[in-house]
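Have a look at the structure below before the remarks.
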Amino acid sequence: MTISEVQEQIKASSARAVVEASIAKAKQNAEYNALLSLTEERALERADAVDAGKITGKLAGVPFVVKDNFLAFGAPTTAASKMLAGFDAPLQATAVEKLEAEGAICIGKSNLDAFAHGGSTENSAYGPTKNAYDKTRVSGGSSGGSAVITALDIVPFTLGSDTGGSIRQPASFNGVVGIKPTYGTVSRYGVVAMASSTDTIGSITSNVADAETVMSIMAGRDDRDMTTLPDFFEVPQFVKPGQKIGLIKEFMTDGVDIEVRTKINEYADSLRAKGHTVEEVSLPMLEYSLAIYYIIVPAEISSNLARYDGIHYGYRAEGAKTLAELYGRSRNDGFMTENKRRIMIGSYVLSSGYFDAYYLKAQKARTLLIKQFNDLFAQYDLLIGPVAPTTAFRLGDNTSDPIKMYLEDVMTVPASLAGLPAISVPAGVSQTDMPIGVQLIGPARSDAKLLALARSLETK
Ligand code: GLN
């Protein structure tokens, strides 16, 4: 289901009919556990206002779903945690406000790993989301709910956050288009913070054109997020042939599913058929990117999550006798195991005795990784590779071993650490009919170009 198809339906019937149909479909698909809440009352009020001509805009009446770490009206913002259960947002995220200003209608909030820590939604306090293609497999994550909602055609677009792959990997696992833009493209204001130096906001859509539409509405400077860039998001109509594309060698090793590698090679061939050149390139620092990520990101998490103390926000444990006990028990009950693991790792690598050995070293290594990317972009227009080493794995397969789970992130964290735009587009399916995505990574602010190139290869 695409935005323009939905706009046709609105013209032929009404915004109310379209929004009601989306909500009905969401309810029919409850078994996927992709939604944590519906914002039904508010959505129908807004649909009526569209039908009465009181709300207008580029997306008037078009329904969408936001990941439940975006502050939005009409339902609580839980970040899939017990800590924020029942938390009513006092304001809306800038991204949501901008879409609403164009008449789009939020119908619900999607499931994620609690506080976006994870890659399968199995860390959600409300149970995992099931894959749109196979209910025994994970949706991917952390924006798994959003990816499944788009894949099931409940709404034409959903929003996600991507700190280390959380839009791209679930998009790949569910056969839809996911974009993690250049760091600073879309305001993070009103989105529950995970790791502030890599958090980004993007969309999950069923085709590339819809990603272009949604991203160009959300992008731009916001005074409430001082890291936002002035709007650069101009979508070119086409990409000239003759682009120099690097196929990342380190992502095509034996450790990666052969079916995944085959699809990436086929995608490379279709790029060549369009008149581009594709050559193997090497980025040796990739070997360290997971280690860098799993030091810097927990460090930032431990700082960002310090605000959940049982007093300022959310859950408070009953019956504590001292302040320390109140903090300790509220945090112990309110956070999931993975949240606590990251808070502990983060506090450890930032502690005075270990700061130089871990955190500072990781920041230096991050700088080297960025340098290698820059060197490659002096010679190549963009890079391609897989999104993940496997297709969607089975529910429960990686839950007992956090390292195994982290290894799934090896191909998505490098672009996050370097702040680069990266998109995941469908590249076909495996023999068992599980979707496989290809990742396109470009230099900063090449987002629109990546999308235009992907659009020129789109088959549906
Ligand atoms: N899977 C990665 C992690 O667990 C990415 C999460 C994200 O992008 N929010 O950190």
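Since this is a predicted model, take the numbers as computed values, not measurements. Heavy atoms only: backbone and side chains are in, while hydrogens, waters and symmetry mates are out. Read the numbers this way: they start at 1 and go in the same order the structure lists the ligands and their atoms.
E250 and S282 are linked by a side-chain donor-acceptor pair at a separation below 3.5 angstrom, with hydrogens and angles left out of the test.
Looking only at distances, no side-chain donor or acceptor of Q92 sits under 3.5 Å from a matching main-chain atom of G190.
In this structure, G127 and N111 approach most closely via the heavy-atom pair O-ND2, 2.8 Å.
More than 12 heavy atoms of other shown residues, nucleotides or ligands fall within 6.0 angstrom of atom NZ in K340.
Listed by first then second residue, pairs satisfying salt bridge (charged side-chain N to carboxylate O under 4.0 Å, His left out) with a partner in residues 422-447 number zero, not counting sequence neighbours.
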side-chain contact (heavy atoms from CB on, under 4.5 Å), that's the test. Do L229 and Y183 meet it? Break it down for me. CA-CA 8 Å; L229 300 166; Y183 180 75; over 6 Å; no
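Among protein residues, A116, G118, G119, S142, D162, T163, G164, G165, S166, M194, Y293, Y294, R342, D409 come within 4.0 Å of ligand 1, judged on heavy atoms.
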